[in-house]
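Just below is one structure, and these are the notes that go with it.
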Amino acid sequence: GLRVLGGSLKGTSTGTDPVLTNDVDDFSADSATGLLIRMKASADGLVDFFWSTAANPGFAASRRITANYTGSGDAQTLYFPLSGDVNWDGQTITNLRLDPSKLDGTDFEIDMIVFSAGDADEDDMPDIYESANLLDALDGTDVDTDADVDRSSNFDEYIAGTDPRN
């Protein structure tokens, strides 16, 4: 079953399509450009995020975004880009669903779920850039670190348009 321990939601998937849902207070989709989820899992694999809208109350594959968890048991922040999806933009969101694994028996732990307007950790690097460059969009301290040890901070690499990992 699901349990909350130490501020994290922990559980084990049962079947190949485990579902976590949450009825939410209706909100404008335009207030969020992306979704960030920090999680651990005992197996790598796909994670699905679904939503329903006032106009389309059920969950459907057309209102789904998938991210790939590759953390091999370690914490990983997954980025789900929402802005630009015709089924998201301009909609009123009424319900959310997260499928944390497609594999039966996968232990998972979710310690943060954040809707973002573009820079969740407020470090002046866009979430989409941090995600694409394997930085943590929920950790504002990575702006000053030097992922590739070339004496340029991750932020300097972002400004210069260079790869912070190479």
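- At least one donor-acceptor pair closer than 3.5 Å links the side chain of Gln76 to the backbone N or O of Thr70.
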- prompt: Under the side chain to side chain donor-acceptor pair (under 3.5 Å) criterion, do Glu157 and Ser152 qualify, and how do the steps go?
  reply: CA-CA 6 Å; Glu157 301 247 20; Ser152 292; 4.7 Å; no
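- Side-chain atoms of Ser28 come within 3.5 Å of backbone N or O of Asp30 as a donor-acceptor pair.
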query: Could you walk me through whether Asp44 and Ser72 pass the side chain to side chain donor-acceptor pair (under 3.5 Å) check?
result: CA-CA 6 Å; Asp44 290 356; Ser72 301; 3.3 Å; yes
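- To the nearest 0.5 Å, the span separating CG on Leu134 from CG on Asp142 amounts to 11.5 Å.
- By the rule that hydrophobic residues join a cluster once side-chain heavy atoms approach within less than 4.5 Å of another member, Phe80 and Ile110 end up as members of one cluster.
- Cluster partners of Phe50, by chain and number: Phe59. The rule joins Ile, Leu, Val, Met, Phe, Trp and Tyr whenever side-chain heavy atoms lie under 4.5 Å apart.
- Residue Leu138 holds its CG atom at 10.0 Å from CG of Asp123, rounded to the nearest 0.5 Å.
- One distance of note links CG of Asp119 with CG of Asp124; it measures 6.0 Å at 0.5 Å rounding.
- Not one N or O on the side chain of Ser13 forms a donor-acceptor pair closer than 3.5 Å with the backbone of Ser101.
- A distance-only check finds a donor-acceptor pair linking the side chain of Asp146 to the backbone of Arg151 [under 3.5 Å].
- Applying the side-chain contact (heavy atoms from CB on, under 4.5 Å) criterion to Asn56, with sequence neighbours excluded, gives Thr53, Arg63.
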task: Might you work through the ring pair (Phe, Tyr, Trp, His ring centres under 6.0 Å) test for Phe108 and Tyr69, ending with a clear yes or no?
output: CA-CA 11 Å; Phe108 63 89; Tyr69 172 79; over 10 Å; no
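- A salt bridge between Asp148 and Arg165 is absent, with no side-chain N of the basic residue lying under 4.0 Å from a carboxylate O of the acidic one.
- Atom CD1 of residue Ile159 and atom OG of residue Ser153 lie 9.0 Å apart, to the nearest 0.5 angstrom.
- Under the 30°/60° scheme for interplanar angles, the aromatic rings of Phe115 and Trp88 are found to lie parallel.
- Side-chain atoms of Asp107 do not come within 3.5 Å of backbone N or O of Ser42 as any donor-acceptor pair.
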- request: Could you give me the CA-CA distance, side-chain angles and deciding distance for Val143 and Met125, then say whether side chain to side chain contact (heavy atoms under 4.5 Å, CB included) is met?
  value: CA-CA 7 Å; Val143 70; Met125 292 188 297; 4.1 Å; yes
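- Judged by distance alone, the side chains of Asn154 and Thr145 do bring a donor and an acceptor atom under 3.5 Å apart.
- Not a single donor-acceptor pair under 3.5 Å links the side chain of Asp85 to the backbone N or O of Asp89.
- Judged purely by atom type and a 3.5 angstrom limit, Asp48 has no side-chain atom pairing as donor or acceptor with the backbone of Asp99.
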task: Decide yes or no on side chain to side chain contact (heavy atoms under 4.5 Å, CB included) for Thr94 and Val24, but give the supporting numbers first.
output: CA-CA 6 Å; Thr94 59; Val24 295; 5.8 Å; no
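- Here the closest heavy-atom approach between residue Leu36 and residue Ala137 is recorded as CD2-CB, 3.7 Å.
- To the nearest 0.5 Å, the span separating CE on Met112 from CE on Met39 amounts to 14.5 Å.
- Atom CD1 of Ile128 is surrounded by 12 or fewer heavy atoms from other residues, nucleotides or ligands within 6.0 Å.
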task: Evaluate salt bridge (charged side-chain N to carboxylate O under 4.0 Å, His left out) for Lys40 paired with Asp111, printing each intermediate quantity in order.
output: CA-CA 9 Å; Lys40 297 178 186 177; Asp111 74 349; over 6 Å; no
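- Under a 3.5 Å cut-off, the side chain of Thr66 and the backbone N or O of Leu46 do not form any donor-acceptor pair.
- Among pairs with a residue in residues 127-137, those fulfilling side-chain hydrogen bond (donor to acceptor under 3.5 Å, both in side chains) read Thr77-Asp136, Ser116-Asp127, at least two apart in sequence or across chains.
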